[in-house]
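In what follows, a single structure is set out as structure tokens and then discussed.
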Amino acid sequence: MFKEIEKYRAKIIWIDDEIDLLKSHILFLEDKGYSLTTYNSPKDALEELKTKDFDIVLLDENMQGISGIDVLKIIKSNYKYLPVIMITKNEEEWLMDEAIGYNADNFLTKPVNPSQILLACKDILDSSKIWNDKITEKYLNDFQVLNNEIHNIDKIEDWFKINNILCEWIVNIENMNDKNLISIFNDQYLEANKLFSNFIIKNYKNWIKSDTKRPIMSNNVIKNYVKPYLERNEKVIFIVLDCLSFDLWKKISDKLFKFYKIDTQNSLSILPTTTAFARNSIFSGLFPSEIYNNYPKEWEKMWNNEKSKNIYEKFFVEKLLKNLGLSEKKINYKKITNIDQGRETLKKINEYKGCDLFSMVINFIDILGHSRTESNVLKEIINDRVSYRSAVSNWFENSWLYEFLKEVSFWNHKVVVTSDHGMLQVKKPVFVKGDKNTSSGVRSKYGRNLNLSNKKGLEIKQPTDYNLPNFDGLTNYIIAKDSNFFVYPNDSTSFVKNFKNSFQHGGISLEEMIVPVAILEGKKNERRY
């Protein structure tokens, strides 16, 4: 499988034969959000450069066995765009001239304090030309290999890996001014999404029928990612960020690396990728048809509730833990839909410390997407996926949730962050017909006599084949793929105007179906905030 792209931002390799004496400098840079890899052996460091990507090399000039200048020559001959900062005790002009002649990007004279090194690193990373040249060169080098992989995938695990790579590129390319490069990437991403949708349509029903060959889906997230910790008597904070697609997690998780070791895994949202189906599946550990059959009274009350079809999540997770043999565990559950509820949760944070499982559902990202549809102001501010990521990232950095997670990083808890589904920006209206009882979804619908071309999405005539409820014996489902969204022929003009370019979920796409499941383990750093 294609090698996953390493994170570009703030990855430093420091080569110094007295590296053990620089621990205070290393801790300072790590506290500022940089990732440090250190070597006292130049030979070992050069081997590391062959297999991993870095942003900056900090290189001591005076080392035993091989000089810093010789190491600089090797680095620059093999990694043209990799910035190198030379650090030396020697202030002689000839040495500086030689270092500059071999394209050292900066030159610091010992003794150096951590702030000097930080400023030198920031100056380099803030140089957009170096940054853009590096990203452009690497993407174009990887393009054909990545393209070949996309067209030859036959396992969902490989789609998980490809999606991770694509999302890494999304975050790195999004602010570049190179329209040609962005266009090339967008075309490749669209092609990947089409192939992924066809792959899902081909395989999804077979996965439902097989317990052994099925990927981890919504109904097995708690069983696979929460249960093992509870069985070892570890405490878990389980956070479901509604509508958190993988690229959004890439964006906001960067802010957490200072506080946590993060291991991001994958799960596959069930179809349809809506909150009513997928999130209930997470908390119950069941497919929708199983919820419908096992809890008929609860299902009827949910489906008749106009405000929310997820009113039994606490009930479901209690039942699930009992079925998993964990009924003795102390559970707390919070659903947070506004800032006041979030601040109140932060205020009472210590009350949740003793819970074996504290579950939180946070609706901000989903609410933002729906609010945008109804607000011309938000449509101006959030006009594409780049601005959506930026809005979510800005919210997170200034949110009660960020403060909550910083505090929890000092506890001995495991934090599991996931979502029920992601979302994508819809572009193409598809006309469908339905009666007054047909559901109102934009990317998926259920009702009677619904029809859909296989070029536009998935038509499900037998819901039980997909573990979906057959409400009256005549229910069928239609689920959109690509960037399609459903429109009724009557009043179609105003509907299209309102929903085109809006952010929706319910359908089949990389953004909606491949969901992050991140395991966070606190670094327990000294409090510096």
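Hydrogens, waters and symmetry mates are skipped; everything else that's a heavy atom, side chains included, is used. The chain is numbered in sequence order, starting from 1. Just so it is clear, the structure is predicted and the values come from calculations on it, not from any experiment.
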Salt-bridge present (Lys161, Glu149; N to O < 4.0 Å): no

Would you check if the side chain of Thr273 reaches a backbone N or O of His505 as a donor-acceptor pair within less than 3.5 Å? no

Quick one: CG on Leu320 to CZ on Phe283, what's the gap to the nearest 0.5 Å? 10.0 Å

Give a yes or no on whether Gln144 atom CD has more than 12 heavy-atom contacts from other residues, nucleotides or ligands under 6.0 Å away. yes

Any heavy-atom pair between the side chains of Tyr352 and Val408 that's under 4.5 Å? no

Rounded to the nearest 0.5 Å, how far apart are CZ of Arg372 and CG of Asn501? 6.5 Å

List the atom of Glu397, the atom of Tyr402, and the distance in Å for their closest heavy-atom pair. O-CD2, 3.2 Å

Which class fits the ring pair Phe358 and Phe404: parallel under 30°, tilted 30 to 60°, perpendicular over 60°? tilted

Taking Lys76 for the side chain and Leu82 for the main chain, is one N or O donor matched with an acceptor at less than 3.5 Å? yes

Separation of Ile13 CD1 from Leu59 CG (nearest 0.5 Å): 10.0 Å

Does the pair Lys110/Asp16 count as a salt bridge with the N-to-O cut at 4.0 Å? yes

When you look at Ser393 and Lys255, which way does the side-chain hydrogen bond (donor to acceptor under 3.5 Å, both in side chains) test go after all the steps? CA-CA 9 Å; Ser393 178; Lys255 304 178 190 306; 3.3 Å; yes

Without hydrogens or angle criteria, can the side chains of His421 and Thr275 be said to hold a donor-acceptor pair below 3.5 Å? yes

When you measure from the side chain of Asn484 to the backbone of Lys456, do you find a donor-acceptor pair of N or O atoms at a distance under 3.5 Å? yes

Take atom NZ of Lys223 as the centre, draw a 6.0 Å sphere, and report whether it contains more than 12 heavy atoms from other residues, nucleotides or ligands. no

Interatomic distance, CG@Leu244 vs CE@Met423, rounded to 0.5 Å, equals 9.0 Å

Just checking, is any N or O donor in the side chain of Lys481 or Asn193 under 3.5 Å from an acceptor N or O on the other one? no

Can a side-chain donor-acceptor contact be found between Tyr39 and Glu48 if the only test is distance below 3.5 angstrom? yes

Side-chain contact, heavy-atom cut-off 4.5 Å: Asp420 with Ser269? no

Partner residues of Glu18 under the side-chain hydrogen bond (donor to acceptor under 3.5 Å, both in side chains) criterion, sequence neighbours left out: none

Look at the side chain of Ser419 and the backbone N and O of Val240, then say whether any donor-acceptor pair between them is shorter than 3.5 Å. no

Sub-3.5 Å donor-acceptor pair from the side chain of Asp60 to the main-chain atoms of Ile15, do we have one? no

Stepwise, does the side chain to side chain contact (heavy atoms under 4.5 Å, CB included) test hold for Tyr34 with Leu118? CA-CA 10 Å; Tyr34 292 86; Leu118 175 65; 3.4 Å; yes

Is there a donor in the side chain of Asn180 and an acceptor in the side chain of Ser183, or the other way round, less than 3.5 Å apart? no

Hey, are Arg232 and Glu234 close enough for a salt bridge, meaning a charged N less than 4.0 Å from a carboxylate O? yes

Between Gln425 and Ser483, is any pair of side-chain heavy atoms under 4.5 Å apart? no

Asn220 side chain to Ile216 main-chain N or O, any donor-acceptor pair under 3.5 Å? no

Step through it carefully: locate the ring centre of Trp395, locate the ring centre of Phe364, and say whether they are under 6.0 Å apart. yes

Donor-acceptor pair between Glu168 and Asn164 side chains, under 3.5 angstrom: no

Kindly assign one of parallel, tilted or perpendicular to the pair His25 and Trp14, based on the angle between their ring planes and the thresholds 30° and 60°. perpendicular

Note, Ile153 side chain near Leu195 side chain (heavy atom, < 4.5 Å): no

Take Leu248 and Leu241 through the side chain to side chain contact (heavy atoms under 4.5 Å, CB included) test and state the conclusion after the steps. CA-CA 11 Å; Leu248 292 179; Leu241 273 166; over 6 Å; no

Is there a donor-acceptor pair under 3.5 Å between the side chain of Asn398 and the backbone N or O of Asn394? yes

Who passes side-chain hydrogen bond (donor to acceptor under 3.5 Å, both in side chains) against Lys202, sequence neighbours left out? none

Can you confirm whether Glu403 sits close enough to Ile349 that some side-chain heavy atom of one is under 4.5 Å from a side-chain heavy atom of the other? no

Compare all side-chain heavy atoms of Thr37 with those of Lys11 and state whether any distance is below 4.5 angstrom. no

Residues in ring pair (Phe, Tyr, Trp, His ring centres under 6.0 Å) with His413, at least two apart? Trp411

Applying side chain to side chain contact (heavy atoms under 4.5 Å, CB included) to Leu326 and Glu231, what does each step give before you reach the verdict? CA-CA 8 Å; Leu326 297 167; Glu231 286 181 326; 4.1 Å; yes

Think Lys250 forms a cation-pi with Phe246, using NZ or CZ under 6.0 Å from the six-ring centre and within 45 degrees of its axis? no

Closer than 3.5 angstrom, by distance alone: can the side chain of Asp242 be matched with the main-chain N or O of Asp366 as a donor-acceptor pair? no

Polar side-chain atom of Ser210 near backbone of Asn206 as donor-acceptor pair, under 3.5 Å: no

Is the backbone of Ile173 close enough, under 3.5 Å, to the side chain of Tyr139 for a donor and an acceptor to pair up by distance? no

Report yes if the side chains of Ile270 and Phe287 come closer than 4.5 Å at any heavy-atom pair, otherwise no. yes

Between Glu191 and Lys194, does at least one N-O distance fall below 4.0 Å, as a salt bridge requires? no

Atom OG1 in Thr38, atom CD1 in Ile26: separation rounded to 0.5 Å? 5.0 Å

Residues Arg389, Asp247: salt bridge by 4.0 Å N-O rule: yes

Checking Ile170 against Phe185 for the side chain to side chain contact (heavy atoms under 4.5 Å, CB included) test, could you report, in this order, the C-alpha distance in whole Å, the side-chain angles of both residues, the deciding distance, and whether it holds? CA-CA 8 Å; Ile170 286 170; Phe185 175 79; 3.5 Å; yes

Rounded to the nearest 0.5 angstrom, the CG-OH distance for Leu458 and Tyr466 is 4.5 Å

pair Trp207-Leu268: side-chain heavy atoms closer than 4.5 Å: yes

